[in-house]
Enquirer: 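Please see the structure below; I have some questions.
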Amino acid sequence: MIVRISTEGQYEIADSDIPELNQLDNAAVAACETTDEQAFHDAFSRLLELVRAKGTPVPDDELFGSDIILPPPDVSLEEAKTEFQGDGLIPG
Amino acid sequence: MPGLSGRMSTVVKAKISKLLDRAEDPSETLEYSYQKQIELLQNVKKGIADVVTSKKRLQLQEEKLQQQVVKLDTQARQALAAGNEDLARVALERKNVAQTELQSLDSQIAQLEQQQEQMTASEQKLRTKIEQFRSKKEVVKAQYSAAEAQVRISEAATGVGEEMADVGLAMQRALDKTENMKARADAVGELEASGTFEDLTALGSGDDDIDRQLKALSSTSEVDADLAKMKAELGPGGPKGELGAGSDPAAGAAQAAGEGGGPSPEQGQ
């Protein structure tokens, strides 16, 4: 699965890492629903860390569309609210 | 995928496939798409130039403030040597404000520096991707039928389209931040123009509005510490009444000679 961190780049993520990603995604949605700034930033930064740590950067000369696009690392809770709704960025 | 990000990639994909579908000759669309990519690359370059301009502006302001700090420090010393502690205090208060402003300028310049680096890296990446798209496009045009070309190129087009959207987003965010800094830099510029950091010789006797604000702004303890330090540096022969009366330049000259020359600060001749 190809995941893009907006303004940063694309990473290839193994299917086995998706459940953990999905868990953090759902945590971010929950934090957005309750407008819990701290919880949102916790969940979102762990989500980014996971992608950076487990993912393999897609080389610059490869052209792929992303399966998931995450907001930029400096996203505010207000901006994020429009994205982290329902199922979040990752279905399920 | 209900989120905006999901939407974004969908919109990009839809736009591109629509473009490809509509064209009778995909190679024409490919050329058009490539031209658009080159255009965006130019925009990114312009964005980088904007950030550099803002940075230079802040750096210039920083230099000016640094000069003011030195000047106010000198003026405080002169005032103290002349026995005018009140004036010395005002000078130090202003120095304090200028120094605080300098610190915030420092961090803003560092932030712009980082933005410039990020955008330069993005430009590089986009350039590589566009180059990749160009070579794919040539291969597809040469080897495949119109129908096949559409299928072959759509993933590549999506990849470039998404990268372009992302660079655009990064640029927008960088420019928004730069705008905020510009507004702040303008405010400091106005403060400067209003004479806040200006020459103290022009200062009247009573406290004016600016002075009161400055006192509130600057940390008194820091000013006190500065004042005490200066007094100690001036030594026991420093803030005496007789020196205060001496507005003749010889006193200043003796002071200046003291730092470079012989160890006789008492009397010149």
Side-chain angles (χ1 to χ4, degrees), chain A residues 1-13 18 21-22 24-33 40 43-44 47-48 51-52 56-92, chain B residues 1-17 33 37 44 111 114-115 118-119 121-137 139-140 152-177:
Chain A
M1 212 171 197
I2 307 257
V3 177
R4 175 185 291 277
I5 299 177
S6 292
T7 72
E8 191 173 307
Q10 289 175 306
Y11 296 84
E12 180 148 24
I13 304 276
I18 299 297
L21 210 64
N22 194 19
L24 290 169
D25 179 49
N26 289 340
V29 173
C32 275
E33 275 164 5
F40 169 71
F44 186 55
L47 185 64
L48 294 178
V51 173
R52 289 175 188 138
T56 318
V58 173
D60 285 357
D61 59 358
E62 295 282 357
L63 295 170
F64 293 119
S66 303
D67 300 298
I68 300 163
I69 300 181
L70 299 175
D74 63 351
V75 72
S76 69
L77 179 63
E78 282 310 307
E79 290 174 302
K81 272 187 176 177
T82 57
E83 310 201 17
F84 288 97
Q85 301 171 348
D87 267 358
L89 301 173
I90 306 156
Chain B
M1 217 179 288
L4 174 90
S5 299
R7 274 205 302 280
M8 184 169 109
S9 72
T10 318
V11 168
V12 170
K13 274 178 195 160
K15 262 191 188 161
I16 289 164
S17 63
S33 165
Q37 291 163 22
V44 175
Q111 225 177 310
Q114 202 192 346
Q115 261 169 31
Q118 259 174 19
M119 282 172 77
S122 301
E123 195 227 315
Q124 203 72 39
K125 195 194 276 185
L126 184 61
R127 184 185 294 281
T128 312
K129 292 213 187 267
I130 290 176
E131 181 50 35
Q132 197 61 24
F133 181 84
R134 193 190 65 81
S135 56
K136 271 215 166 95
K137 160 178 83 78
V139 170
V140 165
R152 296 262 160 192
I153 205 76
S154 88
E155 176 73 10
T158 306
V160 175
E162 199 185 292
E163 194 68 36
M164 287 197 294
D166 201 40
V167 172
L169 180 70
M171 213 162 64
Q172 192 50 54
R173 292 180 92 80
L175 291 180
D176 283 352
K177 282 183 193 153

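Order of the sequence lines sets the chain letters (A, B, ...), proteins ahead of strands, with each chain counted from 1.
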Enquirer: Could you look at B/E163 and say if it's the side chain, the backbone, both or neither that has a heavy atom under 4.5 Å from chain A?
Expert: both

Enquirer: Report, in residue-number order, which members of residues 125-134 of chain B are under 4.5 Å from chain A by heavy-atom distance.
Expert: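 Answer by number: B/K125, B/T128, B/K129, B/Q132, B/F133.
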
Enquirer: Considering residues at least two apart in sequence or located in another chain, which fulfil the salt bridge (Lys or Arg N to Asp or Glu O under 4.0 Å) criterion with B/D176?
Expert: none

Enquirer: Find out whether A/I69 and B/E162 are in side-chain contact, i.e. whether some heavy atom of one side chain is under 4.5 Å from a heavy atom of the other.
Expert: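 Heavy-atom side-chain distance check passes, below 4.5 Å.
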
Enquirer: What pairs with A/P73 under side-chain contact (heavy atoms from CB on, under 4.5 Å), at least two apart in sequence or on another chain?
Expert: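 Listed in chain order: A/I5, A/T7, A/E8, A/L48, A/R52.
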
Enquirer: Any idea which heavy atoms bring B/L169 and A/S6 closest together, and the distance?
Expert: CD2-CB, 3.8 Å

Enquirer: Under the side-chain hydrogen bond (donor to acceptor under 3.5 Å, both in side chains) rule, collect the residues that match up with B/Q37, sequence neighbours excluded.
Expert: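 side-chain hydrogen bond (donor to acceptor under 3.5 Å, both in side chains) list for B/Q37, sorted by chain: B/S33.
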
